[in-house]
Structure formats: C-alpha cells, structure tokens
Amino acid sequence: MSNDTAPAGLNIINSMMGENASQRLLKSSWRGLLNFIGGLAILFVVWWFGIYLISSNTSTEHFADFGPIPAIQAIPVLWEENTIQSAITSSGYRLGSGLLIAICIGVPIGILMGRSKRFRELSNSPFQLLRMISPLSWEPIAVIVFATWNQAIIFLIAIASVWPIAFATAAGLAKVDPAWFKVARNLGAKPWHIVTQIIIPAITFDVLTGVRLALGVAWIVLVPAEFLGVTSGLGYSIQDAREGLSYDHLMAWVLIIGAIGYILDSSCVMLIKRFSWHRGDQ
C-alpha cells in the first residue's frame, strides 16, 4: 500500500468507527427512552387496576379519587393556583440549606477520617452510633432548641445528610495512592495545594456519590418533617389535602414529590458523570 492510500484508508476506518459509535449512542438513547416510558406505563396500569378493583366495591367506591387519572387532572389545577410553585420554593429552600450545611460539615470530616488514622479510629464508634439514629428522632429536640420550624427542619435534613457525605468522602480518600502525597511534598507542594490539586479532584466522584445518597435520605426526611408546624411545603400540602378530603390532590402531590425526587437524583447522576475524573457509570 502506498503512502497516499494509507491515510485515506485510515480516514475511512475512523469514519466507520465514528458512525458505529453514533449508531450505538442513538440506539442506547432510544432504548433508555423506551424503558423509561414502558416502566412508567406499567406502573400507572398497575396503579389504575388496583384502584379500579378497590373502588368497584360500593363500600369503598370513594377510593376512586386515589386513581392516576384524577391525580393527573388535579396537577394543572394546583399549578394554576400557584400552589405547586409555592410548595416547591419552600421545600427547596429547606432542602438546599440542609444539604449545604451537610456538605460543609461532612466533607471536612470525611477528609479527616481519610487522612488521619487516629481520628478515624476515635470517631468511628460515635459517628456510627449517631448515623444509626433515625433523623426524625431528633425532631422533639430540634423543636425545643431552634426558634422556628424552618430552622428545625433544616437541622433534621442536615443531620440526616451529613453521614453519607462524610463516609463517602472518607472512602474515596482511602483509595488515593499515598505515593501521590509523597511526590507532591517532594515537589514542594503546600498543604493547601495538596487539598486543592490532589484531594479534591481525587474524591470528587465519591463526594458527589455521597451527595446523591444524602439527597435521597434528605428527601425522605423532608416530607414528614413538614407535616407539623409549618404552613408551606410539600409535606404540608399533603397534610392539607388529607384534612380537606381532597384525595385527588393528595395523590397529585405524591406524583409531584416522586417526579421532583427523580429529577434531583437524575441531576446528581449527570453531575457525577460530568465532573468525575474517572467518569463513573451509575
């Protein structure tokens, strides 16, 4: 083969490989979309059929409002009344504040646990003990200690979220090759350089994974924490719908909470894939 024909052949091969990669990506995207739609369709069919069986009995026919169709029909009504936007704003503020506090506390604790064997040995037992306490168990204490329910709920979210972040950070740092730190010190790196240039890039994947886990826990804690004491938020809206016997609105709020939680979790997955140096798949 001549020198002129070799580059042309390589270009053809590269073009074919690029087309195959594009086709695989397209096929994977379509498969993911079909699985998403198919899974939701199965869920809604099972939901509808279950409510249909229950409401077909005359003694339980009022359960018909718990079905998917009334719930979906109620969502535009709640949106036009600005109820959804207001609830999301209130709950989002509490969730974001609690998670931010958990990140600011959990990441430094995790770094200490990962870098200091003595600190890890001393802190393991008390941290594990605190981690296993149900976050809602702190609610009576939080109500007494904090001046407002907003502050109490933020505390509950923070205490629930800090442990996944701290332990994920420590686990990520434990996987870092110690030789990296020796080389950095030999090259004259200061402690701040080691933190910013080695530790943070190396543990980003694990920190974001911990944040994803913490978000799931915080989302579960947020709704029941808003059942009492506040007059806004997603949890309050469910409680209000139940007390008003608006079962279609109640199920609409359940759908909204599930959808928001799914979006938040998917956003965390995207961040993990985007900013992690080894591009971990979730």
Side-chain angles (χ1 to χ4, degrees), residues 33 35-57 60-100 135-136 139 143 148-158 160-161 212 214-270:
L33 180 61
N35 289 337
F36 175 79
I37 296 174
L40 286 181
I42 293 172
L43 172 64
F44 276 87
V45 168
V46 172
W47 178 10
W48 172 84
F49 186 68
I51 296 298
Y52 171 78
L53 291 178
I54 295 173
S55 60
S56 60
N57 190 328
T60 56
E61 60 184 5
H62 59 281
F63 282 101
D65 285 343
F66 284 97
I69 295 177
I72 293 173
Q73 291 175 340
I75 291 177
V77 177
L78 294 171
W79 183 268
E80 291 176 1
E81 294 175 351
N82 204 41
T83 310
I84 295 177
Q85 299 92 314
S86 177
I88 291 175
T89 301
S90 299
S91 294
Y93 167 75
R94 295 165 187 143
L95 181 72
S97 300
L99 280 176
L100 181 61
L136 293 177
E139 187 170 3
V143 172
T148 66
W149 267 96
N150 254 347
Q151 296 174 352
I153 293 173
I154 291 172
F155 167 78
L156 294 177
I157 293 172
S161 306
R212 182 187 179 190
L215 178 62
V217 175
W219 194 243
I220 294 173
V221 170
L222 173 66
V223 174
E226 291 181 334
F227 281 168
L228 298 172
V230 294
T231 57
S232 63
L234 297 168
Y236 166 78
S237 299
I238 287 183
Q239 184 78 357
D240 186 58
R242 184 189 69 83
E243 292 178 353
L245 303 180
S246 301
Y247 299 132
D248 54 341
H249 286 192
L250 190 153
M251 294 309 299
W253 283 114
V254 171
L255 276 179
I256 291 167
I257 290 171
I260 295 173
Y262 181 85
I263 292 171
L264 290 174
D265 183 75
S266 299
S267 300
C268 285
V269 173
M270 292 174 61

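Only this structure's heavy atoms are used, side chains among them; waters, hydrogens and symmetry mates stay out. Keep in mind it's a predicted model, so treat the numbers as computed, not measured.
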What are the two closest non-hydrogen atoms of [X] and [Y], and how far apart are they?
X: Pro68; Y: Phe44; value: CB-CD2, 3.6 Å
X: Trp253; Y: Ala241; value: CD1-CB, 4.4 Å
X: Ser161; Y: Ala218; value: OG-CB, 3.4 Å
X: Ala252; Y: Ala71; value: CB-O, 3.4 Å
X: Asp248; Y: Ala74; value: O-CB, 3.9 Å

Please check: side-chain N/O of [X] versus main-chain N/O of [Y], any donor-acceptor pairing under 3.5 Å?
X: Trp48; Y: Leu43; answer: no
X: Ser246; Y: Arg242; answer: no
X: Trp47; Y: Phe66; answer: yes
X: Ser91; Y: Leu234; answer: yes

Got a sec: does the [atom1] of [X] have more than 12 other heavy atoms crowding it under 6.0 Å?
X: Leu255; atom1: CG; result: yes
X: Tyr93; atom1: OH; result: no
X: Phe227; atom1: CZ; result: yes

Quick one, [X] and [Y] - any side-chain contact, counting heavy atoms below 4.5 Å?
X: Val217; Y: Ile157; answer: no
X: Cys268; Y: Leu215; answer: yes
X: Ile75; Y: Ile84; answer: yes
X: Asp265; Y: Arg212; answer: yes

Taking atom [atom1] of [X] and atom [atom2] of [Y], what is their separation to the nearest 0.5 Å?
X: Glu226; Y: Ile153; atom1: CD; atom2: CD1; result: 5.0 Å
X: Met270; Y: Ile263; atom1: CE; atom2: CD1; result: 11.5 Å
X: Leu264; Y: Leu99; atom1: CG; atom2: CG; result: 9.0 Å
X: Ile51; Y: Tyr247; atom1: CD1; atom2: OH; result: 12.0 Å
X: Ile257; Y: Ile220; atom1: CD1; atom2: CD1; result: 11.5 Å
X: Leu78; Y: Gln73; atom1: CG; atom2: CD; result: 12.5 Å

Among Ile260, Thr83, Leu95, which residue satisfies the side-chain contact (heavy atoms from CB on, under 4.5 Å) criterion with Ile88?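 Looking at Ile260, Thr83, Leu95, the match for Ile88 under the side-chain contact (heavy atoms from CB on, under 4.5 Å) is Ile260.
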
So if I apply the side-chain contact (heavy atoms from CB on, under 4.5 Å) rule between Leu156 and each of Glu139, Arg94, Gln151, which one comes out positive?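 Going through Glu139, Arg94, Gln151 one by one, the side-chain contact (heavy atoms from CB on, under 4.5 Å) with Leu156 is satisfied by Glu139 alone.
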
